[in-house]
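First up is the structure itself, then whatever we jot down about it.
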Amino acid sequence: MGCKVIFDITMREKKNSYLPEFSCGYALPEKFKRKELCLPELGELDVIRHYNKLSNKNFSVDTHFYPLGSCTMKYNPKINDYIAGLENFSALHPLQPIDDVQGILEVLYTFQELLCSLTGMSAFTFQPSSGAQGELTGMLIARKFHELNGRRPSKVIVPDTAHGTNPASAAMAGFDTVIVKSNDNGLVDINSLKDIMDESVAAIMLTNPNTLGLFEKDILKIRELADKAGALMYYDGANFNALMGVTTPRMMGFDIIHLNLHKSFSTPHGCGGPGAGVVGVTEKLKDFLPVPIVVKDSGRYRLNYDMKKSVGKLRAFYGNISVLLRAYTYILRLGGDGVKRVSENAVLNANYIKEKLKDDFKAPYDDICMHEVVFSCINQKEKGITALDIAKRLIDRDIHPPTMYFPLLVKEALMVEPTETESKETLDYFIDIMRKINSEVETNPSIIKNAPVTMPVKRVDEVRAVRDMDFRWHKDGD
Ligand SMILES: *Cc1c(COP(=O)(O)O)cnc(C)c1O
């Protein structure tokens, strides 16, 4: 294969870049910078075959069932991409004069209103680009709210079932996190909560349905306790797909919420982005949102930066506009009834799987679940097969592994979230494969231990991967 130097790689001129210094790579030590770029010389056909072969190795919602719990890997309708790709949107520049961009501002304004009516909140920001960043925004708002009221509460309560980002976001905003235990039914233990809820608590962060897929039935009692202590209620609405159109976080008593548009609202996610963790607040917290907010004055839209209590800015410009357009398209296409049907079917699909598999895999909380169901493989573990082994064997059967070993509360956990977009045939296929794997535990355990056996990459040696971590690119034979 021939090879010739195409061009020298030179860093983008600093003066032409609006990006902050750290993202330009200036800080890279000299020895890591490439001096030249050497591209192979190949015919078009060879290149096409190469990339087609690679693309066929992809695993995605468009190709396979992807029941990754809490991640909501639902189908992303193609009309979303079509709308977001329209030139009137995609060719816009964020620094264009306001009069040129009235169309997109109208879309954003209407989208804020749509989200308010879906959640009961009074105002939204589109700035945060992920659920975690939404949580951080929420925690910064809580801190500033208390500060302006002359208080400095130091703690944030999170349940032991919380997504790991919750305590991390609270800590990033300067709070100490306090864990509240779950009871035997997998719900927040109200008595334990009473013991720790006092005036030193700034907020309680809750996911409802929680990460066990269970609805916190005592949510209004929790609200009362929070009110007495002067604490705010934060809703982790990453998985709002269980409740959209059925109830609202406002009715459940929450003050600040984030939604993951890249989960519940069918925008693509994976590899860390781009996402949108939009944040909504009640009336009393409206002025604390990050700037700018899209507002409407006498029929004209503009960006409002003049918010004295605002927590500031979280990122450049106004959010991931192409993601927002996709989610907006998704909601408009479904309409109010459609949004509700989404939730109903997400819950129905999870319960169908739970009922069909609970004789083979232990369901530690045998109550009606919401959009996802958590199984425990402890019975299989006694026979030497772990949740990890079962997850790997699913790959051989063209199924993406469920979320494993989370929530931490459940031993040998497999957390299955089918989403509403899967057909009954697909669910039945999954159920059938799970039962077959369970019988292999008796008849052919070694095939499960060695899985995946059909993939180009076999099981990695995880212990070695941690001990001898090496992220460098190696040329053949190097
Ligand atoms: C996915 C998820 C998050 C974090 O969202 P990111 O966009 O990945 O940062 C937070 N909480 C719950 C319950 C989640 O499922």
Side-chain angles (χ1 to χ4, degrees), residues 61 66-74 76 119 125-140 156-173 177 182 186-188 203-216 219 233-244 249 252 254 256-280 314-315 319-320 323-324 326-327 343 346 350 369-374 400 402-410 413-419:
V61 181
Y66 210 132
L68 193 61
S70 207
C71 292
T72 316
M73 305 303 288
K74 64 169 72 176
N76 303 157
T119 59
T125 171
F126 295 142
Q127 289 239 337
S129 304
S130 71
Q133 205 184 16
E135 294 165 22
L136 175 64
T137 309
M139 289 298 102
L140 293 175
V156 165
I157 297 179
V158 293
D160 52 6
T161 50
H163 194 274
T165 49
N166 289 187
S169 303
M172 271 183 84
T177 55
S182 300
L187 304 174
V188 168
I204 174 165
M205 298 179 91
L206 290 177
T207 310
N208 198 16
N210 67 24
T211 61
L212 294 165
L214 303 172
F215 187 81
E216 295 284 354
I219 191 69
M233 294 261 287
Y234 183 90
Y235 181 64
D236 178 339
N239 309 116
F240 193 42
N241 44 315
L243 298 177
M244 296 193 292
M252 293 188 260
F254 288 98
I256 313 172
I257 77 167
H258 86 260
L259 303 173
N260 278 19
L261 300 187
H262 48 288
K263 290 181 183 170
S264 307
F265 295 90
S266 88
T267 71
H269 63 309
C271 307
V278 298
V279 169
L314 279 135
R315 53 161 287 153
N320 279 321
V323 174
L324 300 172
R326 285 176 171 88
S343 304
C369 63
M370 301 297 286
H371 62 298
E372 65 195 359
V373 49
V374 180
H400 194 282
T403 297
M404 301 179 293
Y405 301 103
F406 180 79
L408 305 175
L409 214 60
V410 175
L414 283 185
M415 181 199 230
V416 178
E417 180 180 9
T419 82

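Order of appearance sets the numbers: ligands from 1, and atoms from 1 within every ligand.
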With respect to [X], determine whether any N or O atom, backbone or side chain, lies less than 3.5 Å from an N or O atom of ligand 1.
X: Asp236; result: yes
X: Gly131; result: yes
X: Asn166; result: no

Looking at [X], which atoms of ligand 1 are within less than 4.0 Å of one of its heavy atoms?
X: Ala238; answer: 2 (C), 11 (N), 12 (C), 13 (C), 14 (C), 15 (O)
X: Ser70; answer: 13 (C), 14 (C), 15 (O)
X: His262; answer: 7 (O)

With rounding to the nearest 0.5 angstrom, report the [atom1] to [atom2] distance, [X] to [Y].
X: Thr72; Y: His262; atom1: OG1; atom2: NE2; answer: 9.5 Å
X: Leu259; Y: Asn241; atom1: CG; atom2: CG; answer: 10.5 Å
X: Thr211; Y: His163; atom1: OG1; atom2: NE2; answer: 8.5 Å

Taking all non-hydrogen atoms of both residues, which atom of Pro209 and which atom of Met370 are closest, and how far apart?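 Pro209 and Met370 have their closest heavy atoms at CB-CG, 3.5 Å.
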Passing candidate, side chain to side chain donor-acceptor pair (under 3.5 Å) with Glu216, options Asn208, Thr161, Asn210, Thr207: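 With Glu216 as partner, side chain to side chain donor-acceptor pair (under 3.5 Å) holds for just one option, Asn210.
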As a quick check of understanding, evaluate side chain to side chain contact (heavy atoms under 4.5 Å, CB included) for Val188 and Ser182, giving each step before the final call. CA-CA 4 Å; Val188 168; Ser182 300; 5.8 Å; no
Is the contact between [X] and ligand 1 made by the side chain, the backbone, both, or neither, using heavy atoms and a 4.0 Å cut-off?
X: Ser130; answer: both
X: Thr72; answer: neither
X: Gln133; answer: neither

So is His269 close enough to ligand 1, meaning a heavy atom under 4.0 angstrom away?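 Distance cut 4.0 Å: His269 fails for ligand 1.
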Are any of the protein's heavy atoms under 4.0 angstrom from atom 5 (O) of ligand 1, yes or no?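 Under 4.0 Å from atom 5 (O) of ligand 1, at least one protein heavy atom found.
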Donor-acceptor pair, Asn166 side chain versus Val158 backbone, under 3.5 Å?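 No; zero donor-acceptor contacts below 3.5 Å.
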Which residue and non-hydrogen atom of the protein lie closest to atom 9 (O) of ligand 1, and at what distance in Å?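 Result for atom 9 (O) of ligand 1: Ala132 N, 2.8 Å.
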Can you name the ring pair (Phe, Tyr, Trp, His ring centres under 6.0 Å) partners of Tyr235, sequence neighbours left out?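 Here the qualifying residues are Phe254.
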Let's go through Met73 and His400 carefully: what are the C-alpha distance in whole Å and the side-chain angles of both, what is the deciding distance for side chain to side chain contact (heavy atoms under 4.5 Å, CB included) to 0.1 Å, and is it a yes or a no? CA-CA 10 Å; Met73 305 303 288; His400 194 282; over 6 Å; no
Among Glu135, Lys263, His163, Met205, closest by any non-hydrogen atom to atom 1 (C) of ligand 1: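 Considering heavy atoms of Glu135, Lys263, His163, Met205, the nearest to atom 1 (C) of ligand 1 sits in Lys263.
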